There are 2 protein chains.
Amino acid sequence: MAKRSVHGQMEILDEHTSAHIAELFTAFGDTSRVRILSCLSMGEQNVGALAKSVGISESAVSHHMRQLRHLRLVSTRKAGREVYYRVDDPHILTLFWQGVNHIREEE
Amino acid sequence: MAKRSVHGQMEILDEHTSAHIAELFTAFGDTSRVRILSCLSMGEQNVGALAKSVGISESAVSHHMRQLRHLRLVSTRKAGREVYYRVDDPHILTLFWQGVNHIREEE
DNA sequence: TGGATATATGAATAATTGTTCCGCCGAAAA
DNA sequence: TTTTCGGCGGAACAATTATTCATATATCCA
């Protein structure tokens, strides 16, 4: 049997899979989205609240949320005219905070 | 005492920290670098081998490696005129493969 | 020494991405 | 119904980024 790494991987990742993985990490690869995700870690928030916390326009938040939505990293709950976003998959938050902690340990 | 999430975080991440975190994830946010890292998961490789595996020029690989080097995600060993790259921090590979597995579970 | 090889680097170009601005829609309030 | 408000979406612009090309450096071999 061929050699395997500790992560269960043997061959180089194919172009298609790699592109998807890159997309996922790209979602975490922007200062504003990092801050948005740190907000959402504390619980669901609507667009206005996120905009105020992060310090960017509501439109900008909305664009970021669309991206996160398409990657299915967040889901929504509509209450009246407000839309509340949340991160429903705990694995996503784990992944995110591992990155955060890596940076924190370096400083 | 104020409410805390399971990840030990309470406040929104500041601009400066967020920028560093975004940088880290951006390193994983490119198809070629994802493939490079999947190669390096199997052990150290020189630039030429990476270029052949990933299917891009040696120059392109070199540029990517510089970025990974500056973020201290890889380190080097020089043997003659070849430069071998490796990922020395196992936490980095864990982070990377958690992303990979997330995508794999989705498909 | 001279030529070939492996990698690095800078500049230029091409492609992608974040934000702003504007208008739109649907829900609530008047 | 009309107005207001929260959020969405497209187009345009600015900024960033990946790749290529040309050149440079260092090492090996003849």
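As the structure is a prediction and not an experimental result, all values here were calculated from the model. By convention in this document, chain letters (A, B, ...) are assigned in the order of the sequence lines, proteins followed by strands, and residues within each chain are numbered from 1.
- Atom CZ of B/Arg77 and atom C1' of D/dT27 are 15 Å apart (whole Å).
- Note on B/Glu58: a base of the nucleic acid sits closer than 4.0 angstrom, heavy atoms only.
- Atom-to-atom, CD1 of B/Ile56 to C1' of D/dC21 comes out at 15 Å; the value is rounded to the nearest Å.
- Between B/Ser32 and D/dT19 there is a side-chain polar atom (N or O) within less than 4.0 angstrom of OP1 or OP2.
- Atom C1' of nucleotide C/dA6 and atom CD of B/Glu44 are separated by 15 Å, given to the nearest angstrom.
- The interatomic distance linking A/Arg35 (CZ) with C/dG18 (P) rounds to 16 Å, in whole Å.
- Phosphate contact (OP1/OP2 of C/dT7, side-chain N/O of B/Asn46, threshold under 4.0 Å): present.
- A donor-acceptor contact under 3.5 Å is not formed by the side chain of B/Arg81 with the base of C/dT7.
- Remark on DNA chain C: of its neighbouring residues A/Gly80 and A/Arg33, the 5'-side contact belongs to A/Arg33, judged by nearest-heavy-atom nucleotide.
- A continuous path of Ile, Leu, Val, Met, Phe, Trp and Tyr side chains, each step under 4.5 Å between heavy atoms, connects B/Leu71 with B/Leu40, placing both in one hydrophobic cluster.
- Inter-residue side-chain proximity for B/Leu73 and B/Val87 is flagged as unmet; no heavy-atom pair is nearer than 4.5 Å.
- Using a 3.5 Å distance cut-off with no hydrogens or angles, the side chains of A/Tyr85 and A/Arg69 do pair a donor with an acceptor.
- Scanning both residues, B/Ile12 and A/Cys39, for their nearest heavy atoms gives CD1-SG, 3.5 Å.
- Distance NE2 (B/His70) to P (D/dT17): 14 Å, rounded to an integer number of Å.
- Taking each heavy atom of A/Phe25 and B/Phe96 in turn, the nearest pair found is CZ-O, 3.8 Å.
- One interatomic measurement links the two molecules: NE2 of B/His64 to C1' of D/dT19, which rounds to 8 Å at whole-angstrom precision.
- Considering only the side chain of A/Tyr85, D/dC8 comes nearest among C/dT7, D/dC8, D/dT20.
- Rounding to whole angstrom units, OH of residue A/Tyr84 and C1' of D/dG6 are separated by 11 Å.
- Note on B/Ser57: every side-chain N or O is 4.0 Å or more away from OP1 and OP2 of D/dT19.
- Contact check, B/Gln67 against D/dA18: a side-chain N or O comes under 4.0 Å of OP1 or OP2.
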Result block: side-chain N/O donor-acceptor pairs under 3.5 angstrom for residues 48-59 of chain A, not counting sequence neighbours:
unit_1	atom_1	unit_2	atom_2	d
A/Ser53	OG	A/Ala49	O	3.0
A/Ser57	OG	A/Ala60	N	3.0

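- Counting only heavy atoms from C-beta on, B/Lys78 has its side chain closest to D/dA26 among D/dA26, D/dC8, D/dG6.
- Considering only heavy atoms from C-beta on, B/Val83 stays 4.5 Å or farther from B/Asn46 through its side chain.
- Residues B/Arg33 and B/Gln67 have side chains that bring a donor and an acceptor to within less than 3.5 angstrom of each other.
- Distance from the side chain of B/Arg69 is smallest for C/dT9 among the nucleotides D/dT19, D/dG7, C/dT9.
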Are there any protein N/O atoms within less than 3.5 Å of an N/O atom in nucleotides 10-12 of chain D, and if so, which ones and at what distance?
unit_1	atom_1	unit_2	atom_2	d
D/dG10	OP2	A/Arg66	NH1	3.0
D/dG10	O6	A/His63	NE2	2.9

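- At whole-Å resolution of the value, CG in B/Asp30 and C1' in D/dT17 are 9 Å apart.
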